[in-house]
Amino acid sequence: MNTIQIYSPEFVLLHEFEDFISCKEQRNYAEASTIQLSVQPQSTAAPYLLDGFYVCIDDWYYIIRDRIADSNRVSVVGYSPFRLLQQRVANEQTVSGSVDSMAKTLIAANTQGNRSLPIVCAAADNSGTQHTWTTEGNRVSYEIEDMLKLNDSGVKTKFIGDGFEFDTYHGADRSTENTEGNEPVIFAVKYDNLLSFSHETGNVDTVNVVFIQNNEGNVMEYNPNNVVGVDRFETTGKLSTDEDGNTADINDSGAAALVKPRNAITSTIAPYTFVYGADYFLGDIVTIEHKSMEAVKNGDEYDIAEITRRHAVRVTSMAIDYTADTVIYTPTFGTVQRDLRT
């Protein structure tokens with residue numbers, strides 16, 4: 001059994017227990033994670049499962065925000081500390097720098113004063129692509145989630161004794177063609193660890209060309225891949241009011257308006273062969289391999305052939321179901337990062 005700890009709102013350890021009825025985590029890469037926990041009313045843990053208290057399992061912390069108690073059980077729902085930012089509206093401001101530094105600047109500006117949230121930020125990393133971001137009155141976490149999409153970053157919070165430290169990160173690349181030297185993690189029917197899969201592709205929402213009007217009234221075309229013909233999907237975009245309309249502004253605004261073709265994998269994997277928490281982790285990029293019968297052009301004709309496809313996909317969430325005898329892991333994969341050689 002896994003041990004669950006309960007902390008007071010002042011971060012004092014109050015209780016540890018294992019006698020839960022059910023415990024399910026939903027760990028997410030780029031948004032708040034959740035836990036659903038139930039115990040019997042007579043459990044020694046029940047009196048401590050209160051709004052504003054924290055529960056911790058495997059170094060993942062959650063603040064309790066929903067509680068239901070009846071004659072059969074006491075059930076609570078907890079949210080990772082990142083959820084605290086969802087209940088605060090971002091003051092309108094403009095931030096510049098890397099995704100990491102912009103997110104941390106926004107947090108620092110919106111967690112102090114009478115908000116006084118128990119969240120501090122790790123040292124900012126301002127390397128990489130520079131951006132400018134103007135908030136639109138959304139909740140702080142929503143603004144940050146949109147920022148993270150600029151470079152596919154994830155969010156993590158670490159307990160530091162009297163609160164939590166916010167940071168961004170990228171999972172390791174464990175695909176078959178990774179350049180980081182990591183041992184590849186592959187889920188495939190031939191390895192008997194891909195139980196089912198669904199591969200969805202489509203261009204109904206794709207945007208790869210954006211027309212943006214600069215401050216002189218000239219319409220600029222943002223077309224980074226020089227797309228022409230029937231595979232050209234256009235839309236219009238706009239500059240932020242504080243931008244000068246130069247080339248860098250056009251590129252940033254255009255990039256923000258792009259929508260990649262739909263290319264998503266849904267699958268069920270077997271827990272053996274590769275072990276979550278040892279061979280791969282939340283946010284890592286792994287390989288999904290599958291086969292399908294497809295029409296393939298052969299000269300002037302099309303033949304039907306079995307095609308093997310490999311995709312690099314990021315683990316964007318992990319559902320964890322703790323039972324008396326085992327732990328069941330069910331990952332969700334994000335959109336395909338890139339297609340791989342077979």
Side-chain angles (χ1 to χ4, degrees), residues 26 28-31 99 142 145-154 170-171 173-178 185-190 193-212 221-238 251-269 280 282-319 330-342:
Q26 181 70 43
N28 297 315
Y29 176 61
E31 57 187 62
V99 169
Y142 294 170
E145 287 170 9
D146 286 341
M147 284 182 187
L148 297 178
K149 294 175 184 176
L150 293 174
N151 69 346
D152 201 20
S153 293
H170 286 93
D173 189 346
R174 303 182 192 277
S175 69
T176 54
E177 297 177 11
N178 79 82
V185 173
I186 308 170
F187 297 105
V189 172
K190 69 181 180 182
N193 60 10
L194 182 63
L195 304 181
S196 66
F197 74 91
S198 173
H199 183 207
E200 182 180 351
T201 61
N203 280 305
V204 66
D205 297 315
T206 301
V207 173
N208 51 29
V209 178
V210 185
F211 293 102
I212 299 175
E221 177 183 307
Y222 180 74
N223 184 2
N225 296 313
N226 298 314
V227 184
V228 298
V230 297
D231 290 327
R232 177 182 170 106
F233 304 100
E234 303 174 350
T235 192
T236 57
K238 63 179 181 179
N251 289 344
D252 271 354
S253 299
L258 296 179
V259 179
K260 293 182 179 180
R262 177 69 174 163
N263 193 359
I265 297 287
T266 302
S267 68
T268 303
I269 63 173
Y280 71 104
L282 181 67
D284 285 357
I285 297 173
V286 300
T287 296
I288 298 289
E289 179 182 298
H290 62 95
K291 297 181 179 182
S292 62
M293 303 301 293
E294 300 179 17
V296 179
K297 192 170 185 180
N298 183 12
D300 295 331
E301 299 180 352
Y302 282 87
D303 297 330
I304 304 300
E306 184 180 69
I307 303 298
T308 299
R309 298 190 183 279
R310 277 186 171 183
H311 311 281
V313 293
R314 189 181 299 280
V315 182
T316 55
S317 70
M318 180 65 73
T330 306
T332 299
F333 303 103
T335 56
V336 173
Q337 299 276 321
R338 59 187 183 276
D339 294 323
L340 303 170
R341 296 187 300 271
T342 58

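By convention here, the first residue in the shown sequence is residue 1. All values below come from the heavy atoms of this structure, side chains included, with hydrogens, waters and symmetry mates left out.
For Asp205, there are no side-chain hydrogen bond (donor to acceptor under 3.5 Å, both in side chains) partners, not counting sequence neighbours. Applying the ring-ring contact (aromatic ring centres under 6.0 Å, His included) test to Phe333 and every residue at least two apart in sequence or in another chain returns nothing. When the side-chain hydrogen bond (donor to acceptor under 3.5 Å, both in side chains) test is applied to Asp303, the partners found at least two apart in sequence or on another chain are Asn298. Taking the salt bridge (charged side-chain N to carboxylate O under 4.0 Å, His left out) definition, one finds that Asp339 meets it with nothing, sequence neighbours left out. A search for side-chain hydrogen bond (donor to acceptor under 3.5 Å, both in side chains) contacts involving Ser292 returns Glu294, not counting sequence neighbours. Take Glu145 and apply the salt bridge (charged side-chain N to carboxylate O under 4.0 Å, His left out) test, not counting sequence neighbours, and it matches no residue. Partners of Lys190 under the salt bridge (charged side-chain N to carboxylate O under 4.0 Å, His left out) rule, at least two apart in sequence or in another chain, are Glu289. Take Lys291 and apply the side-chain contact (heavy atoms from CB on, under 4.5 Å) test, not counting sequence neighbours, and it matches Glu306, Thr308. Tyr142 meets the side-chain hydrogen bond (donor to acceptor under 3.5 Å, both in side chains) test with Gln86; sequence neighbours excluded. Partners of Asn28 according to the side-chain contact (heavy atoms from CB on, under 4.5 Å) rule, which considers only residues two or more places apart in sequence or in another chain, are Gln26, Glu31, Ser33, Ser317. Partners of His170 under the ring-ring contact (aromatic ring centres under 6.0 Å, His included) rule, at least two apart in sequence or in another chain, do not exist in this structure.
Side-chain contact between Thr201 and Arg262 is absent, with no heavy atoms from C-beta onward closer than 4.5 Å. Using a 4.5 Å heavy-atom threshold, the side chains of Thr176 and Asn178 count as separate. No side-chain heavy atom of Val209 sits under 4.5 Å from any side-chain heavy atom of Tyr222. Using a 4.5 Å cut-off on side-chain heavy atoms (C-beta onward), Val336 and Val313 make contact. Here the side chains of Phe187 and Thr287 are not in contact, with every heavy-atom distance at 4.5 Å or above. The shortest side-chain heavy-atom distance between Val99 and Leu148 falls under the 4.5 Å cut-off. Side-chain contact between His290 and Arg310 is absent, with no heavy-atom pair separated by less than 4.5 Å.
Pairing each heavy atom of Val210 with each of Gly254, the nearest pair is CG2-O, 3.7 Å. Of all non-hydrogen atoms in Ala257 and Val207, the two that sit nearest each other are O-CG1, 3.6 Å. The heavy-atom pair separating Ala305 from Val296 by the smallest distance is CB-CG2, 4.2 Å. Shown here for Val315 and Leu282, the closest heavy-atom pair between the two residues is O-CD1, 3.7 Å. Nearest heavy atoms, Asn208 versus Asn223: O-OD1, 3.8 Å.
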Next item on the list: Check the pair Asp173 / Asp284 against side chain to side chain contact (heavy atoms under 4.5 Å, CB included), numbers first and verdict last.
Entry: CA-CA 6 Å; Asp173 189 346; Asp284 285 357; over 6 Å; no
Checklist line | Candidate pair Thr235 and Phe211, rule side chain to side chain contact (heavy atoms under 4.5 Å, CB included), full reasoning | finding: CA-CA 6 Å; Thr235 192; Phe211 293 102; over 6 Å; no
Next item on the list: Just do the side chain to side chain contact (heavy atoms under 4.5 Å, CB included) check on Met147 and Ser153 with the steps written out, would you?
Entry: CA-CA 9 Å; Met147 284 182 187; Ser153 293; over 6 Å; no
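Under 3.5 Å, the side chains of Arg338 and Ser175 contain a donor-acceptor pair of N or O atoms. His199 and Asn263 share a donor-acceptor pair across their side chains, judged by distance under 3.5 Å alone.
Under a 3.5 Å cut-off, the side chain of Tyr29 and the backbone N or O of Gly154 do form a donor-acceptor pair.
Remark: Arg174 CZ to Tyr280 OH distance equals 11.0 Å, nearest 0.5 Å. Once rounded to the nearest 0.5 Å, the distance linking NE2 of His311 with CG of Leu340 reads 8.5 Å. Between atom CD1 of residue Ile288 and atom CG of residue Leu194 there is a gap of 5.5 Å, rounded to the nearest 0.5 Å.
Residue pairs meeting the salt bridge (charged side-chain N to carboxylate O under 4.0 Å, His left out) criterion with at least one member in residues 224-233, sequence neighbours excluded: Glu221-Arg232, Arg232-Glu234.
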